[in-house]
Amino acid sequence: QVQLVESGGGLVQAGGSLRLSCAASGRTVSSYTVGWFRQAPGKEREFVAAKSWTGNTYYADSVKGRFTISRDNAKNTVYLQMNSLKPEDTAVYYCAATPRPARSGTSYLQGAYYDYWGQGTQVTVSS
């Protein structure tokens, strides 16, 4: 089993930055695909970013150029650097991981692809 714990959320003004962390325990996730999702109040959970174990990265169009997903295998931790934040980025952010290979190029976008989830961390961007 893998446990994921997010941290780094908080309140920030529009245009500011935050770095979310997702610390994994139980197993090393260096060979896992890891992803970030978010859910705003009253909205469905949506894909934000993913990084495959081979190093390929994927981003939602809404965050491309502003967010960066990375991983530190030595620390068994995944990060989401968020710059130029907008009020519409306000949401609970979740990290996720899976050891399973992707069946298609769109697998990374789907929450069902991931086996392990963190509890989430709140990000609030004020205007």
Side-chain angles (χ1 to χ4, degrees):
Q1 290 290 330
V2 173
Q3 292 78 44
L4 303 173
V5 178
E6 303 96 334
S7 62
L11 174 63
V12 64
Q13 289 188 332
S17 298
L18 282 175
R19 188 178 78 157
L20 305 184
S21 299
C22 174
S25 62
R27 291 184 180 178
T28 179
V29 295
S30 60
S31 61
Y32 285 38
T33 290
V34 292
W36 288 93
F37 287 75
R38 66 187 182 187
Q39 187 167 21
K43 295 187 177 181
E44 293 187 353
R45 182 180 60 192
E46 65 174 0
F47 168 77
V48 175
K51 192 172 186 71
S52 72
W53 68 275
T54 59
N56 294 327
T57 56
Y58 307 86
Y59 295 96
D61 288 342
S62 59
V63 306
K64 203 170 293 183
R66 300 188 298 122
F67 290 12
T68 303
I69 186 171
S70 63
R71 64 201 303 167
D72 184 333
N73 290 332
K75 295 183 177 180
N76 214 23
T77 298
V78 181
Y79 302 99
L80 184 68
Q81 177 67 44
M82 307 186 295
N83 298 328
S84 302
L85 283 161
K86 305 176 181 180
E88 51 264 44
D89 294 319
T90 295
V92 177
Y93 283 71
Y94 300 89
C95 69
T98 181
R100 296 183 288 128
R103 290 191 174 186
S104 73
T106 61
S107 293
Y108 307 104
L109 309 179
Q110 302 167 13
Y113 169 57
Y114 297 86
D115 297 298
Y116 305 103
W117 291 84
Q119 83 291 347
T121 185
Q122 176 71 48
V123 171
T124 303
V125 184
S126 63
S127 57

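Qualifying side chain to side chain donor-acceptor pair (under 3.5 Å) partners for Arg66, counting only residues two or more places apart in sequence or in other chains: Asp89. Evaluation of the side chain to side chain contact (heavy atoms under 4.5 Å, CB included) rule for Gln110 yields Thr106 as partners, not counting sequence neighbours. By the side chain to side chain donor-acceptor pair (under 3.5 Å) test, Asp72 is found to be paired with no residue, residues two or more places apart in sequence or in another chain being considered. With sequence neighbours excluded, no residue forms a side chain to side chain contact (heavy atoms under 4.5 Å, CB included) with Glu44. A search for salt bridge (charged side-chain N to carboxylate O under 4.0 Å, His left out) contacts involving Lys43 returns nothing, not counting sequence neighbours. Judged as a salt bridge (charged side-chain N to carboxylate O under 4.0 Å, His left out), and not counting sequence neighbours, the contacts of Asp115 are Arg100. The side chain to side chain contact (heavy atoms under 4.5 Å, CB included) search around Ser126 returns Leu11, Gln13, not counting sequence neighbours. Under the salt bridge (charged side-chain N to carboxylate O under 4.0 Å, His left out) criterion, Glu88 pairs with no residue at all, not counting sequence neighbours. With sequence neighbours left out, the side chain to side chain contact (heavy atoms under 4.5 Å, CB included) criterion links Ser127 to Pro87.
By the 4.5 Å heavy-atom criterion applied to side chains, Thr28 and Asn73 are not counted as neighbours. In this structure, the side chains of Cys95 and Val78 stay at 4.5 Å or more apart for every pair of heavy atoms. Counting heavy atoms from C-beta outward, Gln119 and Glu6 have side chains that approach closer than 4.5 Å.
With Asn76 contributing its side chain and Arg27 its backbone, the two residues share a donor-acceptor pair below 3.5 Å.
Counting only residues at least two apart or in different chains, salt bridge (Lys or Arg N to Asp or Glu O under 4.0 Å) contacts with residues 11-20 are absent. Within the structure, every pair that satisfies the ring-ring contact (aromatic ring centres under 6.0 Å, His included) test and touches residues 5-54, not counting sequence neighbours, is listed here: Phe37-Phe47, Phe37-Tyr114, Phe37-Trp117. For residues 54-96, the set of pairs meeting the ring-ring contact (aromatic ring centres under 6.0 Å, His included) definition, not counting sequence neighbours, comprises Tyr58-Tyr108.
When all heavy atoms are compared, the tightest approach of Thr77 to Ser21 is CG2-CB, 4.3 Å. Pairing each heavy atom of Leu85 with each of Leu18, the nearest pair is CD1-N, 3.9 Å. The two residues Ala40 and Thr90 make their nearest non-hydrogen contact at CB-O, 3.6 Å. Here the closest heavy-atom approach between residue Gly9 and residue Val123 is recorded as CA-CG2, 4.1 Å. Counting all heavy atoms, side chain and backbone alike, Ala49 lies closest to Leu80 at CB-CD1, 4.2 Å. Across every non-hydrogen atom of Ala97 and Val34, the tightest pair is CB-CG1, 4.0 Å.
Linking ILVMFWY side-chain heavy atoms closer than 4.5 Å, directly or via other members, places Val48 and Leu109 in two distinct hydrophobic clusters. Hydrophobic clustering of Ile, Leu, Val, Met, Phe, Trp and Tyr side chains at less than 4.5 Å, counting indirect connections, keeps Val92 apart from Met82.
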Problem set entry | Evaluation steps, side chain to side chain contact (heavy atoms under 4.5 Å, CB included), between Glu46 and Arg38 | CA-CA 5 Å; Glu46 65 174 0; Arg38 66 187 182 187; 2.5 Å; yes
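Here Arg71 contributes atom CZ and Thr57 contributes atom OG1; the two are 11.5 Å apart, rounded to the nearest 0.5 Å. We find the OH-OG distance between Tyr113 and Ser104 to be 9.5 Å, quoted to the nearest 0.5 Å.
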